Amino acid sequence: MDDPSPSSEASTSTGSDGSYQEAWPSYLPTRSVYLTALEPIDAHELFPLLVNAPENIRLFDQAYVQSCPVDAAGLESIFTRHQYEPHRVGRAYTIVDIATRKPLGWVVLRPPASNTDTTPPPKPIISCLLFLPSASRLERGSEAIHGICRHAFEELGHETFESRSGTLEFNKGFGFGLLDVMRRQMLVKEESRESDLYVVRKEHWGYLKVAVAAWLDGKRAPPEAYHALWCLSLSSSKHQHHFLTLASGLQLHYLSNTRAHSAPKLVVSLHGFPDSAHIFARLLESEGLQRDEVKMVALDLPGYGGSDSLAHYGAAEVLNVVVEAIVQLKARYLRSTGEQECSCILVGHDWGGAISFRIAAETVGLVDRVMILNSMHVPHAKANIQACASRSQPYFAAWRSKPWKISLLQSACAEVSPVFKQLLKSSYIFMFNLPFPLQALSLGVRQFLRLCHRERSGSHGITTVSTAMSNGPGEAECTCRSLDGYTYGPSVLARARTKPPAVWLERIRLYREGLATARWVPNDVTEPYVVRYDKASVGVRKKGAFRYPMTIIFGLNDLAFDNRIVLDGIEDFFAHNTSTDEAELSKQSHVIRVPGQGHWFFASERGSKILEKALLVLLAGSGNSNTTKQVARPYTLPEAFEKEVELGEVTVATRASYSSLSTGD
């Protein structure tokens, strides 16, 4: 097929019935294909693409409901109508591979019914039908649609773009992978998304443009995404890049809000796997928390984002780094105003939550409150697993003596079902602990990351941005310097030189080297804060009980945790012992359950508002929890969420009330 001239001019026509015809060029180039105005003679080259796959005949009949033979002559008659009656049957283009100059299929642009009473006439909503052989299922067909979509928005100024077909199988049959990209980007918000209609609006085009470009590049995030997130020299009105240098020389990257350099209130947030500090972007950008008396910080864990890597990722190494970072952040930002005492709240999600749980149970005097977002406290989970096993044992024993009573076996299985469901949800952890090196492990990690990005981006952004957030800086960003003269460390540059810019087999070492369960050996900086256990304390304090007021916010639709294992009964760990001060601390702890929200609930609009509201209430009443005077101060968190509780959006429980609440399972 000849390559038409790129200088082909657009044509504007008026239908014989007076309908308005938009100006469309006879030639549309993209990276690997070009679209040229379909001509009747093209039927002889395109017909073999139709008949080589039997299912295409059925799909052809769905698209062209008319009495014409399914042969080259019949196809030529259809193409003749496209050429001379575009106002009736739609304007059509042949999709041609640039490299081979071979036709891949054709696409039809069908404007809606014209409105001749409107002057000027409305811009048509473009509806596309893509014909490709089922065997190809390559990105070239989607690239053709993307090119048409781009021309409609950027050149013609259309407000809406539609892809319509009779059935979902129609699009799947022709490998229209762009539909999956549209669906993942949540381009139709709070509207019904039928299987046969996909809509892109002009305000969403910028996001889709970046997403599809990355998808065509092999689902890699584009350089622009890395630059916007990780370039240290870019000034942002939302947050700033900063670094900490620890006593060991390790450099940690963090983001902070742009308000006052020092404040009486400090919030330090720790992300989880596979995230970075950018996962707390909504929190840092919250207008309600942009106050002179509050400093917001989101820290990159070692080996993640822009922070240096560690040689080992055991409990001592990671916990000592995090605690030392908190000590430095407090020294850098906390300043008493005289009217307000200094206080620090530690927020942790996922692995950041597991670290925060250990800090809450094994340190004193480091922070004033710990807030957990969808994470697991290992002693509590173990206790729930043991309780499930204990409750099932009588049923199993009775069933062994009376095996014909299936109800006993069913009761036993019901008692242990939460354990098996949690094991199923945690199956990725077993994969992460396979011996190195295994290519299958590398592929498994890649698939798991894609699942995480889809789950996370469905609520707050596009998957390509999510990927760039997780991977960390690219090689180009490692040459930038921050406002205070810092740049990313050598280990960050080494990670950036991999493809993609990350070393995920290194990062999953959080799961492999005992961070959650191994003994914590403090260093010189952290030793004043870490509690030493002795024989006298055994039996007096519940193992794993918390030493700070706790606020746990949990999205109940978590893909990684079963609520009955990781959440139910967590209030038991609020009560340390029977002393008056610690009993008051227990009363100041809460669990907020959020139905309908998942693992990254705080990255969604609704979830971020719940987190922001909880922080505002707690910051208003926070003080130094190590004095009896401050311990006795009441918190108003349950009262603050009365409206949400009435609407069924959340439930708020303390240790005294949790037993009567449903987890929403």
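These figures come from a predicted structure and were not determined experimentally. We number each residue from 1, following the sequence as shown. All values below were derived from every heavy atom in this structure, side-chain atoms included, with hydrogens, water molecules and symmetry-related copies excluded.
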Task: Expected output: side-chain Ser276 to main-chain Asp300 donor-acceptor under 3.5 Å - done: no

Open item on the list: Please check this pair: side chain of Thr245 against backbone of Gly249, looking for a donor-acceptor N/O pair closer than 3.5 Å.
Closed with: no

Task: His599 ring center near His349 ring center (under 6.0 Å) - done: yes

Open item on the list: Within this structure, what is the SG-CH2 distance for the pair Cys478 and Trp230, rounded to the nearest 0.5 Å?
Closed with: 10.0 Å

Task: Validation row: Val566, Gln422 side chains within 4.5 angstrom (heavy atoms) - done: yes

Open item on the list: Using side-chain heavy atoms (C-beta onward) and a distance below 4.5 Å, is His278 in contact with Leu255?
Closed with: yes

Open item on the list: To the nearest 0.5 Å, what is the distance between SG on Cys344 and CG on Leu329?
Closed with: 8.0 Å

TODO: Using the ring pair (Phe, Tyr, Trp, His ring centres under 6.0 Å) rule, pick out the option among Phe602, Tyr304, Phe280, Tyr254 that qualifies with His271.
DONE: Tyr304

Task: Student check: side-chain heavy atoms of Tyr548 and Leu366 closer than 4.5 Å - done: yes

- [ ] Return the minimal non-hydrogen interatomic distance between Trp520 and Asn320, and the atom names on each side.
- [x] NE1-OD1, 2.8 Å

Open item on the list: Testing the 3.5 Å rule here: is there a donor-acceptor pair between the side chains of His253 and Gln251?
Closed with: no

Open item on the list: Has Asn433 got a side-chain atom pairing as donor or acceptor with Ile429's backbone, closer than 3.5 angstrom?
Closed with: yes

Task: Flag, side chain of Arg335 to backbone of Ala331, donor-acceptor distance under 3.5 Å - done: yes

Open item on the list: Donor-acceptor check, side chain of Asn384 to backbone of Asp568, threshold 3.5 angstrom: yes or no?
Closed with: yes

TODO: Looking only at non-hydrogen atoms, find the nearest pair between Ala247 and Glu324 and report the distance.
DONE: N-OE2, 2.7 Å

Task: Ser356 (side chain) donor-acceptor with Ile372 (main chain) under 3.5 angstrom - done: no

Task: OH-CE distance between Tyr511 and Met431, expressed to the nearest 0.5 angstrom - done: 9.5 Å

TODO: Applying side chain to side chain contact (heavy atoms under 4.5 Å, CB included), run through Glu527 and Arg532 and close with a yes or a no.
DONE: CA-CA 9 Å; Glu527 188 171 12; Arg532 291 184 176 274; 2.5 Å; yes

Task: Modelled atom types, side-chain donor and acceptor of Tyr488 and Asp308, under 3.5 Å - done: no

Open item on the list: As a quick check of understanding, evaluate side chain to side chain contact (heavy atoms under 4.5 Å, CB included) for Leu284 and Ser256, giving each step before the final call.
Closed with: CA-CA 7 Å; Leu284 295 174; Ser256 71; 5.7 Å; no

Open item on the list: So, applying ring pair (Phe, Tyr, Trp, His ring centres under 6.0 Å) with Phe273, which one of Tyr428, Phe432, Trp600, Tyr313 is it?
Closed with: Phe432

Task: Considering all heavy atoms, the nearest Gly303-Glu506 contact - done: CA-OE2, 4.3 Å

Open item on the list: By the definition side chain to side chain contact (heavy atoms under 4.5 Å, CB included), identify the one residue from Asp368, Leu615, Val367 that meets it with Ile345.
Closed with: Leu615

Open item on the list: Going by side chain to side chain contact (heavy atoms under 4.5 Å, CB included), Val267 matches just one of Arg369, Met296, Met371. Which one?
Closed with: Met296

Task: Heavy-atom pair of closest approach, residues Val378 and Ala516 - done: CG2-CB, 3.9 Å

- [ ] Start with the C-alpha gap between His590 and Met550, add the side-chain angles, then the distance that decides, and say whether side chain to side chain contact (heavy atoms under 4.5 Å, CB included) holds.
- [x] CA-CA 6 Å; His590 317 88; Met550 302 292 294; over 6 Å; no

TODO: Identify the heavy atoms of Leu232 and Thr487 that sit nearest to each other, and give their distance.
DONE: CD1-CA, 3.7 Å

Task: Under-4.0 Å salt bridge between Arg282 and Glu612 - done: no

TODO: Assess Lys613 against Phe641: is NZ or CZ under 6.0 Å from the centre of the six-membered ring, and within 45 degrees of the ring's axis?
DONE: yes

Open item on the list: Quiz question: by atom type and distance under 3.5 Å, do the side chains of Ser375 and Asp350 form a donor-acceptor pair?
Closed with: no

TODO: Check whether more than 12 heavy atoms from other residues, nucleotides or ligands sit under 6.0 Å from atom NZ of Lys609, and answer yes or no.
DONE: no

TODO: In plain terms, say whether Arg547 and Glu362 are close enough for a salt bridge, that is, a side-chain N and a carboxylate O under 4.0 Å apart.
DONE: no

Task: Straight-line distance of Cys480 SG to His241 NE2, nearest 0.5 Å - done: 9.0 Å

Open item on the list: Is it the case that the side chain of Lys295 and the backbone of Asn257 share a donor-acceptor pair, with hydrogens and angles ignored and the cut-off at 3.5 Å?
Closed with: yes

Open item on the list: Within the 4.5 Å heavy-atom criterion, are Val492 and Pro473 side-chain neighbours or not?
Closed with: yes

TODO: Specify the closest pair of heavy atoms between Ala298 and Ala277, including all atoms of both residues, with the distance to one decimal.
DONE: O-CB, 3.3 Å

Task: Contact check, side chains of Glu644 and Ile610, non-hydrogen atoms, under 4.5 Å - done: no

Task: Residues Glu477, Arg495: salt bridge by 4.0 Å N-O rule - done: no

Task: Spacing of NZ belonging to Lys425 relative to NZ belonging to Lys421, to within rounding of 0.5 Å - done: 8.5 Å

- [ ] May I ask you to decide if Asn523's main-chain N or O and Thr526's side chain share a donor-acceptor pair within less than 3.5 Å?
- [x] yes

TODO: Answer whether the closest heavy-atom distance between the side chains of Leu283 and Leu611 falls below 4.5 Å.
DONE: yes

Open item on the list: Measuring only between side-chain heavy atoms, which start at C-beta, is Val594 closer than 4.5 Å to Arg606?
Closed with: yes

Task: Straight-line distance of Leu505 CG to Thr498 OG1, nearest 0.5 Å - done: 10.0 Å

Task: Any Cys388 side-chain heavy atom under 4.5 Å of Ile565 side chain - done: yes

Task: Expected output: side-chain His377 to main-chain Gly544 donor-acceptor under 3.5 Å - done: yes

- [ ] I would like to know whether Asn557 and Phe601 meet side chain to side chain contact (heavy atoms under 4.5 Å, CB included); could you show each step before the answer?
- [x] CA-CA 9 Å; Asn557 292 355; Phe601 74 91; over 6 Å; no

